[in-house]
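As structure tokens, the structure follows; a few thoughts come after it.
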Amino acid sequence: MQQQYPFREIEQQAQQHWETNKTFAAAEDSSKPKYYCLSMFPYPSGRLHMGHVRNYTIGDVLTRYHRMKGFNVLQPMGWDAFGLPAENAAIQNNVPPAKWTDDNIAHMKEQLQSLGFAIDWSRELATCKPDYYKWNQWLFLRMLEKGIAYKKTQTVNWDPVDQTVLANEQVIDGRGWRTGAVVEKREIPGYYLGITQYKEQLLADLNKLPGWPERVKLMQANWIGKSTGVRFAFTHDIRDTAGNLIDDGKLWVFSTRADTIMGVTFCAVAAEHPLATRAAQNNPALAAFIEKCKQGSVMEADMATMEKEGMDTGLQVTHPLTGEPVPVWVGNYVLMSYGEGAVMAVPAHDERDFGFAKKYGLPIKSVIAPSSSVVPAEPKITIAGKEYTPWHVVEGRQWKVSEEEWSDYNTSDGFLADGSGPYWDRLKGMWSGFAREEIGNIFAELGLGGTKVQWRLRDWGISRQRYWGCPIPIIHCDTCGDVPVPDDQLPVKLPEDCVPDGSGNPLHKRADFINCTCPKCGKPARRETDTMDTFVDSSWYYARYASKFSPDAMVDAETSQWMPVDQYIGGIEHAILHLLYSRFLSKVMRDMGLVSYDEPFANLLTQGMVLNHIFSRRTDKGGIEYFAPEEVGLIHDASGKITGARMLADGQPVDFQGMGTMSKSKRNGVDPEYIIENYGADTARFFMMFASPPEQTLEWSDSGVEGSHRFLKRVWAFGQELIKLRNNMDLPLSWSRDEADDETVAFRRVVHVLLKQANFDLSKLQFNTVASATMKVLNALEAFGAHPVMYEQGQLNALLANRQRTFAREEAFRILLAVLSPISPHIAYALWRDLGYGDDILTAEWPEPLEEAMAQDEVTLVIQVNGKLRGNMTVARSLDKEALEKLAPTQPCVQKYLADGASVRKIIVVPNKLINIVVG
RNA sequence: GCCGGGAUGGCGGAAUUGGUAGACGCACGGGACUCAAAAUCCCGCGGUGGCAACAUCGUGCCGGUUCGAUUCCGGCUCCCGGCACCA
């Protein structure tokens, strides 16, 4: 009868043992090196999803692995508990966000515990609790004192029907999600954090993060966006109605492509620009257009992809280098809040300007010649004291270029080929890069601007017109203005019994919250009702875990013992915002003397998304109806290829839409609880690690889960078999090569080589091949164990060989359990205990491969002829390169190719790998 | 639109970073066991040609570097993540 795999009992027992022994409580043991392993804390949405399971399994594998490697490990868990979904749930179910959030936390904590994660729950925190968010408020006040936090206007999405601010997520195709009204941009006051004050450090310190993925560092660097360009002014004589020059007669612009300045054919200004306002005063059509520009969301993606529109103001400015008049247009793609609120437009050398010019029939003037078309010439020229080889433009239309090479439009650097004005002599024929520098010099000389470093990064607006967040600790007094809440009145507690109804912030209706007295003058005053962006909460929680949750300090001395985080794990979707804000607040806290590290996360792993099949059908009304994968049966052809799908209930076909991220709306989510119930946590964890490398997307597969389960069943059965054998045989105490037969030596080599590879893969965080290594060990064990050497009475050698076989099998199984234990800890715990290897596998030492077991005196080399595989040969490992070069051409598989009088031209030897013979 | 990433059999993926393409698993096909089914076990499994040995093509597409390219370089296509108020 087949041995059952009682995963429910196994998992319960193991979890019981860990709880009773407080196995996961982080110790203050300073004799071991520390390892702080942190996974991004979850938003308590109600139920765990597979993304969580993946994230926390990765963290747990690293936690358990490092414990066994002898580290003092901290793995905490908490809740990113403020945010919009709680308010949406409140609107839907009429439950206060606080209650909804608390219930969700309770349930999700149970789910996490059922997965057997080695979490130190004594450090659990939730950002919606006053003892946590008090320190958000405290830090905000300190930043206010230092001028890092300040107030200014911000642009928000405004729903004109609901009279409320909308999150970007609540804007769908430019309309409010509940009202369907066209969204408008509106300016309202709000608090900002001056992240731009730290831009240089945030950029430079990326170099201090060798343990971060390159792609994340690149994205952050591009987000901060340091670029050099020229800021300069077009001059004009445009006056307001009172007769004063607007902006002192200067239209300022910034460009990273100042080398194209000779090709400017118009300027575009934002709808709110003073010149646009002036022009609209006696131009109703323009006024209407400016009004229209205010429609739409503030999202950058929307701004960048929307139809570019513009209108001529009728005004003209003067080109500062050529003296020619340049028309001024209003463009809906120019933003008042970015740069100068105005841009120079060069249709010939900028894609966006080109499209705009084509649309409105504006002139296109090519001034940059492609690099391939121009020949270099003497003499050298000097720019800013440095000598350069210039590239002179010759022949033809002033430059040597064929008609094919020349086009109306090219955006690459080249040579200045056309221009005019008093400065043209200094620029003519110059390479774009030098020209940008020289044009900066010219503007500096003219007093009209000059070279300027520009950053893309903007300050961080943290005011949210929402209820379920951390209150901003400010009091508005009619006499004293905006007054910070004194420290001894912190925390400003959020009332927890509000139920939002979708129409604005419910705090506005809470007189008990709003009404207060001014800390300065004592007169009646009003409390600020805006709350903080939830990114503030999540930008420092890692430091709070690492402290002892002192009621008197944001972080305490223990923080420095654990920080920085050794390994941070979370979704790639956080690559920019969350990680950048965390880095920023770390530096702010450092400068306040609260912490001593420059960077909070030493190593970062960004895990990929979890995907599943999407099935749908068009409804009669033209909509799309989604079906859960369990409601659908797949249709295969003879080769196993999926050719279609039909719904199990009615047998009718459904559309198979391929793979997509698990989501409620697509109905393709898989409930971790269901998997744990039916297959066990170990199976869920094993599949998660096995199916895909951590950084890549993971495709869910029911049969893949069953395959993982099947493997664990085999492990369990093998363990039971081993236990049974134990009862009839004394264990050999040590390995003796003299006693072992060749098969055993070969088997042992396979196991140790697999272990070596698994250890290497663990160091690379490539857990899928570690999981597969455990499978390979079991395969080898099963193949090896099936045919033991026959023991015949009186044959001592056979008896000894059998003892070595048993030793090798036990050794291999111990290695298997140890390597499996971080991934599927419960089954490893149970078998380790039952086989008498120790009390808890977590306290065992991590296995290392033995060189002596892997040693081999022969090696099989691949033979290639002209780079193509033609055969192989097994030779003594000691053979040197010269011997191999002599031996290889004599092999039959090579001789074949030398038959037609061809000769050996070259031999390439890759030690212990291959020999390539070049024949010609 | 901009920034970043990805693409390898029917499918998920592997290939120790320029050296045997397809490890391991899934699916599928064949067989054993069974009255039968499930479970389990064994065998096969990139395409084409061939009884076979073997030959040949093959890592999204086009081109390049190299004795040798999934890996490096140039140019594309499609998919995914982010774009500052989802978290």
Side-chain angles (χ1 to χ4, degrees), chain A residues 2 40 42-43 45 80 83-85 154 156-157 165-171 213-216 218-219 221-223 225 298-301 303-306 333 351-352 457-458 460-466 533-535 538 571-578 580-581 606 608-609 611 634 636-643 658-661 687 690-693 695-704 706-708 710-711 713-714 717 756-757 760-761 764 768-769 771-776 779 860-869 872 905-908 910 913-914 916-920:
Chain A
Q2 199 57 47
M40 290 180 186
Y43 178 80
S45 56
D80 187 12
L84 208 47
Q154 55 183 344
V156 294
N157 302 309
V165 176
L166 296 177
N168 283 340
E169 187 189 51
Q170 298 169 320
V171 179
E214 284 307 318
R215 58 173 166 161
V216 174
L218 243 180
M219 279 191 265
N222 289 338
W223 184 264
V298 299
M299 283 144 84
E300 195 194 303
M303 305 287 304
T305 50
M306 72 185 174
Y333 61 95
E351 195 176 340
R352 194 178 54 180
L457 184 68
R458 310 199 299 263
W460 174 15
I462 59 159
S463 288
R464 298 289 179 272
Q465 297 68 44
R466 283 177 226 303
D533 180 3
T534 55
F535 272 126
S538 57
I572 180 68
E573 67 273 19
H574 295 292
I576 298 175
L577 291 179
H578 164 63
L580 194 63
Y581 292 150
T606 49
M609 305 268 206
L611 314 181
L634 293 172
H636 303 267
D637 66 10
S639 69
K641 187 177 177 178
I642 297 171
T643 54
M659 287 285 180
T661 49
F687 172 72
F690 177 63
S692 173
E695 303 224 292
Q696 281 180 37
T697 55
L698 182 149
E699 299 193 5
W700 185 262
S701 148
D702 290 327
S703 49
E706 278 176 35
S708 297
R710 206 172 297 152
F711 166 67
K713 270 202 272 196
R714 278 168 60 208
K756 187 179 182 182
Q757 184 65 48
F760 178 77
D761 291 346
K764 285 197 309 180
N768 56 328
T769 49
S772 110
T774 64
M775 289 174 149
K776 288 177 186 176
N779 289 348
T860 301
L861 295 173
V862 165
I863 299 177
Q864 292 185 338
V865 176
N866 292 337
K868 287 198 174 188
L869 175 70
N872 57 56
R905 294 213 172 152
K906 194 175 173 185
I907 298 180
I908 291 123
V910 182
K913 269 224 169 98
L914 67 70
N916 184 20
I917 297 152
V918 185
V919 168

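Per chain, numbering begins at 1; letters A, B, ... match sequence-line order.
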- Mind telling me whether B/rG9 is syn or anti, cutoff 90° either side of 0?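 Here B/rG9 takes the syn form, which means its glycosidic angle is within 90° of 0.
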- Message: Need the glycosidic conformation of B/rU17: syn if within 90° of 0, anti if not. Which one?
- Response: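 Nucleotide B/rU17 adopts syn.
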Within this structure, what is the [atom1]-to-[atom2] distance between [X] and [N], rounded to whole angstrom?
| X | N | atom1 | atom2 | answer |
| --- | --- | --- | --- | --- |
| A/Met219 | B/rG81 | CE | P | 13 Å |
| A/Glu300 | B/rC85 | CD | P | 12 Å |
| A/Asp761 | B/rA23 | CG | C1' | 11 Å |
| A/Leu611 | B/rG6 | CG | C1' | 12 Å |
| A/Gln170 | B/rA84 | CD | P | 14 Å |
| A/Asn866 | B/rA69 | CG | P | 11 Å |
| A/Tyr581 | B/rC85 | OH | C1' | 10 Å |
| A/Glu695 | B/rG6 | CD | C1' | 12 Å |

Of the listed nucleotides ([options]), which one gets closest to any side-chain atom of [X]?
| X | options | result |
| --- | --- | --- |
| A/Leu869 | B/rU20, B/rA14, B/rC86 | B/rU20 |
| A/Asn916 | B/rC67, B/rA84, B/rC85 | B/rC67 |
| A/Lys906 | B/rC83, B/rC67, B/rU20 | B/rC67 |
| A/Val156 | B/rC85, B/rU20, B/rC24 | B/rC85 |
| A/Pro85 | B/rG19, B/rC85, B/rC86 | B/rC86 |
| A/Val165 | B/rA84, B/rG81, B/rC85 | B/rC85 |
| A/Met299 | B/rA84, B/rA14, B/rG81 | B/rA84 |
| A/Ala301 | B/rG19, B/rC85, B/rG1 | B/rG1 |
| A/Lys776 | B/rG12, B/rC24, B/rC85 | B/rC24 |
| A/Lys713 | B/rG25, B/rU40, B/rG12 | B/rU40 |

Once you apply a heavy-atom cut-off of 4.0 Å, does [X] come out as touching a base, just sugar-phosphate, or nothing?
| X | value |
| --- | --- |
| A/Phe535 | base |
| A/Met306 | nothing |
| A/Val918 | sugar-phosphate |
| A/Ile908 | base |
| A/Lys868 | sugar-phosphate |
| A/Phe690 | base |
| A/Gln864 | base |
| A/Gly461 | sugar-phosphate |
| A/Thr305 | base |
| A/Ser45 | nothing |
| A/Glu573 | base |
| A/Val171 | nothing |
| A/His574 | base |
| A/Lys913 | sugar-phosphate |

If you measure from the [atom1] atom in [N] to the same atom in [M], how many Å do you get, rounded?
| N | M | atom1 | result |
| --- | --- | --- | --- |
| B/rU17 | B/rC72 | P | 13 Å |
| B/rC45 | B/rU8 | P | 22 Å |
| B/rG64 | B/rU71 | C1' | 15 Å |
| B/rG82 | B/rG44 | P | 45 Å |
| B/rA36 | B/rA21 | P | 46 Å |
| B/rG60 | B/rA27 | P | 26 Å |
| B/rG22 | B/rG46 | P | 10 Å |
| B/rU20 | B/rG29 | C1' | 28 Å |

- Have A/Arg464 and A/Thr534 got a donor and an acceptor in their side chains that come within less than 3.5 Å?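 Note: A/Arg464 and A/Thr534 side chains miss the donor-acceptor criterion.
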- Item | Residue pair A/Asn872, A/Thr860: steps toward the side-chain hydrogen bond (donor to acceptor under 3.5 Å, both in side chains) verdict | CA-CA 7 Å; A/Asn872 57 56; A/Thr860 301; 5.8 Å; no
Side-chain N or O of [X] less than 4.0 angstrom from OP1 or OP2 on [N]?
| X | N | value |
| --- | --- | --- |
| A/Arg710 | B/rA39 | no |
| A/Asn768 | B/rC24 | no |
| A/Lys764 | B/rA14 | no |
| A/Arg215 | B/rG5 | no |
| A/Ser772 | B/rG25 | no |
| A/Asn779 | B/rG25 | yes |

- Message: Please check this pair: side chain of A/Thr769 against backbone of A/Asp761, looking for a donor-acceptor N/O pair closer than 3.5 Å.
- Response: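 Looks like no, no N/O pair under 3.5 Å.
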Below 4.5 Å, heavy atoms only, C-beta onward: do [X] and [Y] meet side chain to side chain?
| X | Y | result |
| --- | --- | --- |
| A/Trp700 | A/Phe687 | yes |
| A/Asn157 | A/Gln170 | no |
| A/Leu580 | A/Leu457 | yes |

- Query: Within a radius of less than 6.0 Å around CZ of A/Arg905, do more than 12 heavy atoms belonging to other residues, nucleotides or ligands occur?
  - Reply: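 It does not: A/Arg905 CZ has 12 such atoms or fewer within range.
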- Query: Excluding sequence neighbours, so at least two apart, what forms side chain to side chain donor-acceptor pair (under 3.5 Å) with A/Gln154?
  - Reply: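 Checked A/Gln154 against side chain to side chain donor-acceptor pair (under 3.5 Å); zero matches.
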- Task: Using the closest heavy atom to pick a nucleotide of RNA chain B for each, name whichever of A/Val910 or A/Glu214 lands nearer the 5' end.
- Result: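 Its nucleotide being nearer the 5' end, the pick is A/Glu214.
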- Any donor-acceptor pair under 3.5 Å between the side chain of A/Gln465 and the base of B/rC85?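 Checked by distance alone, the answer is yes.
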- Message: Can you tell me how far apart CH2 (A/Trp223) and CD1 (A/Ile576) are? Round to the nearest 0.5 Å.
- Response: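 Reported value, rounded in 0.5 Å steps: 5.5 Å.
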- Task: Hey, could you give me the OG1/CG distance between A/Thr661 and A/Leu698, rounded to the nearest 0.5 Å?
- Result: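 That separation rounds to 13.0 Å.
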